[in-house]
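Numbered from 1 within each chain, the chains take letters A, B, ... in sequence-line order. When reading the values below, keep in mind they use all heavy atoms of this one structure, side chains included, and skip hydrogens, waters and symmetry mates.
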Amino acid sequence: MSQEPIDAASHLVVRQASKRYGATTVLDRVDLAIRRGELVTLLGPSGCGKTTLLRLIAGLALPDAGTVAIAGRDVTRVPPHRRNVGVVFQNYALFPHLSVAGNVAFGLTVRRRPKADIARAVDKALALVHLDHLAARPISALSGGQQQRVALARALAVEPDVLLFDEALSALDRKLREEMQGEMRRILRDINATAIFVTHDQDEALTMSDRVAVMNGGRIEQLAEPRLIYQRPASLFTLNFVGLSTRISGTVVACDGGIVQVDTKVGRLAATGRFLAGSQVVVATRPEHLRPAAGATGNAVSGRVRAVVFQGSRSLVEVGAGGETLLAELPGQEAALLAPDAEIRLAWPVSETFAFPAPEMAA
Amino acid sequence: MTRPLAILFAWTMALGAALFLLAPLMVIAAASFSPTPVFDLPVGGASLRWYARIGQMDGFWPALSLSLQIAALSTALALALGTLAAIAIAQGRLPGAEAIGTFLVSPLMMPGLVLGIALLQYFRAMGFSAAWSALLLAHLVVTLPYVARTMIAGLSRFDFTLVEAARTLGCTYPGAILKVMVPALAPSFLTAGLFAFLASFDNYPVSIFLTDVRTKTLPIKMLQYIEEAPDPTLAALSTLILGATVILLVASDRLVGLHRMAGTGQ
């Protein structure tokens with residue numbers, strides 16, 4: 001949909017890559033271009049093709065059509081051991097018969113580097129992930145977070161052109177995961193690594209990456225900075241998959257200068273978008289744009305409070321109106337005043353209201 | 001009151017069973033030191049004369065050499081073939097993988113005599129009469145199930161992502177198998193190899209149909225001796241084989257742990 005032009009400065013370029021397993025199309029003509037030093041996340045539900053795309057880049061799977069190029073070299077048919085990519089696997093895939101240092105040294109030993117060089121590179125990689133004191137430990141003696149770091153050090157030690165992370169943080173518990181997200185981002189920044197993360201966790205995608213590729217049904221729906229993915233979703237799927245939203249179906253009655261007027265069950269709403277009059281659309285906005293208001297400009301809907309979900313500094317208020325549900329995120333003290341079933345009028349700006357084509361009814 | 005009694009009963013039964021299983025071995029070991037030329041317990045003093053006579057038995061060295069050759073070769077072949085088959089089965093992408101696995105292990109459940117006669121007829125029908133090669137093939141059939149069973153079990157716990165990790169770190173596919181899968185599966189290899197070797201080395205019912213006058217394995221030769229001249233030389237030989245087996249088992253235990261080999265725990 002919103003593909004950027006593939007420029008010469010791109011470090012990793014996937015062009016028109018397709019992959020089928022039997023009758024299932026896992027990847028459907030995917031284009032992806034990543035600059036050197038950029039961190040990109042492939043975000044999507046399971047089965048969207050993100051892991052397959054990662055495996056194509058690593059060389060662990062071959063595309064049925066299309067090409068993969070790394071650092072200006074076409075590697076579509078190059079086996080993984082000659083691609084110089086580093087992969088951190090979901091279960092870390094550490095070698096149980098080797099020590100921490102043995103694991104980190106593995107790639108260099110295979111490359112037959114001199115012993116002194118290997119020792120230096122292992123020390124450097126372990127220092128980077130703060131595990132230099134555990135070099136002699138067996139893998140089985142490490143915690144999950146430490147194993148994760150060893151896996152990262154092992155991938156870093158060979159100085160790969162591209163680092164690939166396959167759901168690398170999903171096995172950690174929430175607190176450790178958040179810590180590792182920050183630390184990993186710092187490490188990757190420090191060494192200016194080009195990296196691709198695969199995840200189904202939107203928080204991980206939004207916090208860690210320079211750009212996010214939202215994938216669905218074997219295609220990239222949107223490739224953009226995290227802020228844009230959230231604030232300007234390019235499709236209904238992205239809107240749904242990333243963050244919370246209010247979604248109201250309706251029919252376009254007028255279109256003028258990029259603003260459509262839509263008739264809905266909760267009244268007439270204005271939204272940005274270009275549609276022919278008569279089109280079926282879904283009007284949507286993010287919960288933080290909704291404010292309690294008396295007669296404000298923009299879109300406004302009256303309804304009844306259905307539930308208030310306390311979330312610490314802010315609360316999520318669910319409002320029922322004409323069979324539709326509105327989600328508003330309000331500061332704690334504002335939400336505390338709302339009783340269940342109370343009347344409330346919510347307003348939000350037209351500039352933060354989007355219209356998407358309504359999904360086909362035949363599922 | 002009943003609980004201590006039950007425990008006492010259980011211990012008595014366990015000890016009794018162990019004694020029942022080990023008694024013949026202890027008797028044969030004792031008899032091997034007998035100073036008299038009959039199978040007897042050494043009451044009036046011990047002697048090592050029968051050990052000295054082992055090497056002088058008619059046709060002993062060729063029989064031992066043949067048994068070792070066949071056991072070593074069939075074990076090596078079974079390890080290679082059985083592991084490859086187990087990889088195909090354990091990766092699970094093969095249609096009917098489970099059925100193939102069961103089929104591979106099935107000779108274990110077949111009486112050796114049936115297998116021996118069947119192989120004899122089969123080789124005859126094919127016009128295949130070289131005793132040595134026939135023995136090797138037959139022993140491959142005997143040893144392959146041990147290897148297949150152990151390796152399928154070992155591989156089902158093996159994480160094939162390790163092979164992929166090694167490949168992305170610079171290993172070719174065969175290199176990754178050698179550098180990662182083989183060391184990770186070393187205990188399984190040792191177990192499989194040990195069982196296969198022992199199964200081949202002391203096989204009688206299959207071998208008996210495939211030997212000729214010049215090609216006789218050690219177990220067959222030993223039975224022949226006992227018919228011809230039943231003196232304690234055989235007891236001495238049996239004791240040596242027993243000793244070698246115990247050493248092999250202890251060494252394997254030191255390397256990987258016997259409980260893992262018996263399949264009774266992690």
Worksheet item: Checking side chain to side chain contact (heavy atoms under 4.5 Å, CB included) for the pair B/Thr168/A/Leu60: CA distance, chi angles, key distance, verdict?
Response: CA-CA 8 Å; B/Thr168 62; A/Leu60 294 170; 4.0 Å; yes
Response to the item:
Under 4.5 Å to a heavy atom of chain B? For A/Leu94 that would be backbone
Item to complete: Could you grab the distance from atom CZ of A/Phe89 to atom CG of B/Leu162, nearest 0.5 Å is fine?
Response: 9.0 Å
Worksheet item: With a cut-off of 6.0 Å (strictly less than), are more than 12 heavy atoms of other residues, nucleotides or ligands near CZ of A/Arg36?
Response: no
Item to complete: Report yes if some heavy atom in the side chain of B/Cys171 is under 4.5 Å from a heavy atom in the side chain of A/Phe106; otherwise report no.
Response: yes
Response to the item:
Bottom line for A/Arg111: the part with an atom under 4.5 Å from chain B's heavy atoms is side chain
Item to complete: Answer with side chain, backbone, both or neither: which region of A/Asn84 has an atom nearer than 4.5 Å to a non-hydrogen atom of chain B?
Response: neither
Practice prompt. Side chain from CB out, backbone as N, CA, C, O: work out which of these in B/Ala186 comes under 4.5 Å of a heavy atom of chain A, or both, or neither.
Written response: neither
Practice prompt. May I ask you to decide if B/Lys179's main-chain N or O and A/His97's side chain share a donor-acceptor pair within less than 3.5 Å?
Written response: yes
Practice prompt. Under 4.5 Å heavy-atom distance to chain B, tell me which part of A/Arg154 shows up: side chain, backbone, both or neither.
Written response: both
Worksheet entry | A/Arg186 atom CZ: more than 12 heavy-atom contacts under 6.0 Å | yes
Practice prompt. Take atom CE of B/Met26 as the centre, draw a 6.0 Å sphere, and report whether it contains more than 12 heavy atoms from other residues, nucleotides or ligands.
Written response: yes
Item to complete: Give a yes or no on this: more than 12 heavy atoms of other residues, nucleotides or ligands lie within 6.0 Å of atom CD of A/Glu159.
Response: no
Item to complete: Assess whether atom CD of B/Glu98 is packed by more than 12 heavy atoms of other residues, nucleotides or ligands within 6.0 Å.
Response: no
Item to complete: Identify which part of A/Phe95 has an atom lying under 4.5 Å from any heavy atom of chain B, answering side chain, backbone, both or neither.
Response: both
Fill in: Any A/Leu98 side-chain heavy atom under 4.5 Å of B/Pro183 side chain
no
Item to complete: Count the heavy atoms of every other residue, nucleotide or ligand shown that sit under 6.0 Å from OH of B/Tyr146, and state whether that count exceeds 12.
Response: no
